[in-house]
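Encoded as structure tokens, the structure appears first; notes follow it.
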Amino acid sequence: MSNNTDDTHDSRKTGEGSSSLGAIAALSRRHMLGTSALAGIVGAGVGLAGGLAAPHAEHTSGTTGATSGGVQKDYVAPGQLDEYYGIWSGGQSGEVRIMGLPSMRELIRVPVFNTDFAIGWGITNESKRVLGENFPKGGDLHHPHMSMTDGHYDGRYIFVNDKACTRVARIRCDVMRTDKIIEIPNAQSIHGLRVQRAPRTGYVFCCGEFRVPHPNDGRDLNDPSKYFTVFTAIDGDTMKIAWQVLVDGNLDNTDADYDGKYMAATCYNSEGGVDLAGFMRDERDWVVVFNIKRIEEAVRSGQYKTIAGSDVPVVDGRHGSKLTLYVPVPKNPHGCNASPDGKYVVASGKLSPTVTVMAWEKIDQYFAGKLRDPRDVVVAEPEMGLGPLHTAYDGRGNAYTTLFIDSQIVKWNIDDAIKAYQGQKVNYIRQKLDVAYQPGHNHSSMGETRDADGKWLVSLNKFSKDRFLPVGPLHPDNDQLIDISGDEMKLIADVPVYSEPHDCNIVHRRVLMNKVKRIWTRNDPFFAEAVAMAKKDGITLESDSKVIRDGRKVRVYMTSAAPMYGLEEFTVKKGDEVTVTITNIDQIEDLTHGFCIANYGINMEISPQETSSVTFIADKPGVHWFYCTFFCHALHLEMRSRMLVEA
Ligand code: K7E
Ligand code: CUA
Ligand code: CA
């Protein structure tokens, strides 16, 4: 194999010699980082800090020159629309952000696992129904993925994981609102999440990352041999769990093939370790491939168990099972990315400078009994540089892998990497581009679909260091926009983002623009329960403004139309349980009203034709003005009425 790692380290890597990065550099000449490198890797954090503290003027020159011709522009003139939607993970903020590309402007936020006072997410009855009773304070959202049909984005849903509280959520694309959140049983911490590409989504697959005992009730605390985790298939239409697969090791990231037959998932803890040394003990971990048809057959024929009170069928996919294939790959692999030609899936080595390319066709042959050694499904294992994490594609046969430790994106050619693996003397590396700094995921425009168009790549960098005005010890991440339309990658823009986007989808506007509603449809299922309650109370939401007393429960119905609420006042008694249901009868696009009760911690959004409701105890007597929070009219400030709470 050609040794391309020699050019991954040069004097440009400031601070290298004076830190443990120097030790890492020396190790890059090896095929993988052995156990002896443990100290070096563990020290890498320290090394990075040392290295990054040095000036980085070099990063703004070199291969990223903006003077060459044919560079795409990120500038979108006033009044013009972006060509792409960016569906951005919000990380530990628990939300999704919708961006425009190439401008990289944030267009809107979609609260999911977080609470959001702006629109009343976590406050309104409609959002609480989605979040559930006693919903956790937030979530850690890594992986947003749009539903697909035949390998194309179909603009129906966006599915997301919650690593913090072991959940999966669904966002409706037509209103950009979260409409379902479910907890995943028999697992702790959902990390990787992907959708079935074909024939459609279909299944949403997700990875349980942490191994724990089951039941996890204080038994077997210190007996890791009893720990396990599962791979989960959710029905994306009903958001019910279809089945789970018990696995050896743990599960990190995952991806689907383009034929609806297989899922692949990386495992970095094949060792079953419970500490850093344990996670890194072995030179190889594995990628586990799930045979969906066989799993479905096993479930249908009753070859499953249920675990600890949940009724989800769990099939046994551990070593020796006919349902799975364990492919040994070096070392603590992380990203798992299928190529848009439908042929390959790539696992990025993380602690190995390599990525492992597996062919779905060979996986077919393995399950058909035509291949014996699981490693026979590997068709290439090119060397990238240090810390390969994730891989994206341009639809022209090239792949783009992030190098966390080297702070680079490597563009490489898949066919040439396969030739090199077969012993031919070819250089599969096309270019290495410095990014600033420490990239995790990258993502290309339409790159996880058959429509990969090779125009844009975003590098989602964990560190921004010196790239923006200082804003305190917590730095923004830096999501860099890169033009990949030509032979060379060109860095176009630095975009600061709040902590912490892990991944994104870049979706051409043709997929979504005409599916997104400009105003709500009356009787949308999102507020169906408010409509049903009004019906029971004999209320016509579009015209009535009325107070209904039902014991200690008070239901207040009113319309909103700029610049007035349907009620100028309403009266309740201290201790009443009050439900306020507001219907925005304005039909004009963008004419959103708000409803905020002074000193009650309540605010909610009511967009045109929407009905929103909130329930609270009127525990503070007195006059409480409620007012509109969205600037809707010249008399917006005057859009306020009184809630009178009798002592
Ligand atoms: Cu690499 Cu959670 Cu996709 Cu972060 S994961 S980078
Ligand atoms: Cu209604 Cu402001
Ligand atoms: Ca490992």
Side-chain angles (χ1 to χ4, degrees), residues 32-35 38 41 89 91-92 140-145 160-164 189-194 206-207 209 249-255 265-273 275-286 328-337 348-352 387-391 401-402 404 438-443 459-462 477 479 499-504 559-566 582 584-586 588 590-596 603-608 626-641:
M32 64 183 76
L33 297 170
T35 310
L38 195 148
I41 282 289
S89 146
Q92 60 270 47
D140 185 12
L141 190 159
H142 287 213
H143 299 117
H145 288 283
V160 298
N161 75 300
D162 173 15
K163 178 162 168 164
S189 200
I190 291 299
H191 189 214
L193 175 145
R194 289 295 185 122
C206 61
C207 293
E209 183 177 351
N250 80 333
L251 296 163
D252 191 12
N253 278 293
T254 184
D255 204 0
T266 50
C267 159
Y268 64 78
N269 187 22
S270 61
E271 300 90 341
D275 53 25
L276 193 55
F279 302 147
M280 294 171 54
R281 193 187 64 228
D282 294 344
E283 293 313 304
R284 280 175 169 176
D285 294 282
W286 54 62
V329 304
K331 166 176 189 171
N332 289 36
H334 181 60
C336 189
N337 299 90
S348 303
K350 194 168 76 186
L351 301 192
S352 159
L389 285 188
H390 292 280
T391 299
T401 298
T402 55
F404 181 82
Q438 268 69 46
H441 278 265
N442 59 2
H443 204 98
S459 176
L460 296 105
N461 306 313
K462 305 298 188 185
D477 283 19
D479 290 352
S499 308
E500 164 182 330
H502 285 256
D503 196 5
C504 63
T559 56
S560 68
M564 281 178 74
Y565 295 111
I582 302 182
N584 182 349
I585 59 175
D586 280 313
I588 298 161
D590 206 3
L591 213 170
T592 294
H593 298 293
F595 173 78
C596 180
N603 184 45
M604 64 184 186
E605 161 230 11
I606 319 110
S607 278
F626 57 90
Y627 70 98
C628 179
T629 44
F630 285 78
F631 212 117
C632 56
H633 190 277
L635 291 171
H636 155 78
L637 282 160
E638 288 80 355
M639 186 167 172
R640 59 186 170 99
S641 300

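Predicted, not measured: the structure shown is a model, and the values here were computed from it. Order of appearance sets the numbers: ligands from 1, and atoms from 1 within every ligand. Both backbone and side-chain heavy atoms feed into the values below; hydrogens, waters and symmetry mates do not.
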Review point. So, H593 versus F630, ring centres under 6.0 angstrom or not?
Key: no
Review point. Any chance the rings of Y565 and F626 have centres within less than 6.0 Å?
Key: yes
Review point. Looking at atom 2 (Cu) of ligand 2, which N/O/S atom of H636 is the nearest one?
Key: ND1
Review point. What protein heavy atom sits nearest atom 4 (Cu) of ligand 1, and how far off is it?
Key: H502 ND1, 2.0 Å
Review point. Given H143, Q438, K462, H142, which one has a non-hydrogen atom that is nearest to atom 3 (Cu) of ligand 1?
Key: H143
Check your understanding: Is it the side chain, the backbone, both or neither of N253 that has a heavy atom closer than 4.0 Å to ligand 1?
Key -> side chain
Review point. What part of H334 sits under 4.0 Å from ligand 1 if we count only heavy atoms: the side chain, the backbone, both or neither?
Key: side chain
Review point. By atom name, which N, O or S atom of H441 is the nearest to atom 3 (Cu) of ligand 1?
Key: NE2
Relative to the heavy atoms of [X], which atoms of ligand 1 are at a distance of less than 4.0 Å?
X    : result
H191 : 2 (Cu), 5 (S)
H390 : 1 (Cu), 3 (Cu), 5 (S), 6 (S)
G440 : 6 (S)

Check your understanding: Considering the options T401, L460, N253, which one meets the side chain to side chain contact (heavy atoms under 4.5 Å, CB included) requirement together with H390?
Key -> N253
Check your understanding: Roughly, to 10 degrees, what angle do D285 atom OD2 and E271 atom OE1 form around the Ca ion (ligand 3)?
Key -> 120°
If I take every N, O or S atom of [X], is at least one of them less than 3.0 Å from the Ca ion (ligand 3)?
X    : value
M280 : no
L351 : no
N332 : yes

Do [X] and [Y] have side-chain atoms, one donor and one acceptor, less than 3.5 Å apart?
X    : Y    : result
D285 : S270 : yes
T629 : N603 : yes
H142 : D503 : no
E209 : Y268 : yes

Point to revise | Residue pair T559, I582: steps toward the side chain to side chain contact (heavy atoms under 4.5 Å, CB included) verdict | key: CA-CA 5 Å; T559 56; I582 302 182; over 6 Å; no
Has [X] got an N, O or S atom lying less than 2.8 Å from atom 2 (Cu) of ligand 2?
X    : result
H633 : no
F630 : yes
H593 : no

Review point. Does S89 use its side chain to pair, donor to acceptor, with the backbone of L141 at less than 3.5 Å?
Key: yes
Check your understanding: Should the pair H143 and H441 be assigned to parallel (<30°), tilted (30 to 60°) or perpendicular (>60°) ring geometry?
Key -> perpendicular
